[in-house]
Asker: 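Before I ask anything, here is the structure I am working with.
Start at 1 and go down the list; that is how both ligands and their atoms are numbered. As the structure is a computational prediction, the values presented were derived from the model and not from experiment. Atom set for the values below is all heavy atoms of this structure, side chains included, hydrogens, waters and symmetry mates excluded. All residue numbers refer to positions in the sequence shown, counting from 1.
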Amino acid sequence: MYGPTHHGWIEVVVGPMYSGKSEELIRRTKRAKIAKQKVLVFKPAIDNRYSVDEVVSHSGQKNDAILIEKACEILGHVDMDTEVVAIDEVQFLDKEVVNVARQLANKGLRVIAAGLDMDFRGEPFGPTPELLAIAEFVDKITAVCMICGDPAHRTQRLINGKPAGYDEPTILVGATESYEARCRLHHEVPR
Ligand code: ADP
């Protein structure tokens with residue numbers, strides 16, 4: 001997609017929930033596999049939304065994935081033949097993922113990282129900002145605002161249907177909460 005190169009690089013796909021980050025990661029890794037490249041897909045063990053060892057998009061597309069607790073585990077799975085390393089939900093990994101991505105790209109691998117750039121408060125999320133800074137290629141994609149239909153860059157967290165307050169914890173997987181894509185105007189974070 002970015003033209004042929006003979007060295008490694010980092011590409012990052014960010015956006016709010018439902019913007020199609022997982023779909024895009026799956027699309028890119030499928031194309032690499034068509035080109036007969038050895039691809040490894042990783043995701044943090046914390047994201048068990050739909051499937052344990054697969055990346056699954058909200059629209060149901062799937063790709064096998066290796067579950068990891070810590071970013072440094074990625075290096076243990078990469079061998080001489082690996083050409084592409086893809087990481088989904090990268091915001092949930094520790095900051096070491098930045099060094100891991102840098103190391104792999106320096107060795108000549110293509111690194112694809114997809115994840116949330118902002119948390120539900122609209123603030124930079126985990127290691128994503130640093131990855132954005134060191135990446136060669138960045139795609140910031142949008143969802144559809146569930147209030148007005150404009151492009152949505154933010155993720156609205158709802159608890160019992162009401163906007164979650166600023167002080168609620170950032171990570172709370174599987175609770176009685178829900179998320180919506182929203183534009184800046186309709187993104188609410190009560191203090
Ligand atoms: P992400 O990984 O960014 O959360 P996914 O790739 O899992 O996104 O899912 C993207 C899909 O979510 C879209 O193709 C569409 O089918 C669905 N979807 C649900 N709600 C929305 C929304 N508000 N805006 C855009 N797509 C949405």
Asker: Short list, please: which atoms of ligand 1 are under 4.0 Å from a heavy atom of E23?
Answerer: 6 (O), 10 (C), 11 (C), 13 (C), 14 (O)
Asker: Give the ring-plane orientation class for Y18 versus H58, where under 30° counts as parallel, over 60° as perpendicular and anything between as tilted.
Answerer: tilted
Asker: Looking at every non-hydrogen atom in both residues, tell me the closest pair between L75 and L104 and how far apart they are.
Answerer: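 Heavy atoms of L75 and L104 come nearest at CD2-CD2, 3.8 Å.
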Asker: Is E24 salt-bridged to R27, cutoff N-O under 4.0 Å?
Answerer: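 Looking at E24 and R27, the cut-off is met.
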Asker: State the atoms of ligand 1, each with its element, that fall below the 4.0 Å cut-off from a heavy-atom position in P16.
Answerer: 3 (O)
Asker: Answer side chain, backbone, both or neither: which part of M146 comes under 4.0 Å from ligand 1, heavy atoms only.
Answerer: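 Only the side chain of M146 comes within reach of ligand 1.
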Asker: Considering only heavy atoms of A143, which atoms of ligand 1 have at least one such atom less than 4.0 Å away?
Answerer: 24 (N), 25 (C)
Asker: Heavy-atom distances under 4.0 Å are what count here, so tell me which part of C145 touches ligand 1: side chain, backbone, both or neither.
Answerer: neither
Asker: Looking at NE2 of H186 and CD of E180, how far apart are the two atoms once the value is rounded to the nearest 0.5 Å?
Answerer: 11.5 Å
Asker: Does even one non-hydrogen atom of G15 get within less than 4.0 Å of ligand 1?
Answerer: no
Asker: Would you say V144 has any N or O atom under 3.5 Å from an N or O of ligand 1, going by distance alone?
Answerer: yes
Asker: Which of the atoms in ligand 1, numbered in the order shown and given with their element, are less than 4.0 Å from a heavy-atom of M17?
Answerer: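 Those atoms are 4 (O).
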Asker: How long is the span from the CD atom in E123 to the OH atom in Y166, to the nearest 0.5 Å?
Answerer: 3.5 Å
Asker: Hey, could you give me the CD/CD distance between E96 and E73, rounded to the nearest 0.5 Å?
Answerer: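 So the CD of E96 and the CD of E73 are separated by 12.0 Å.
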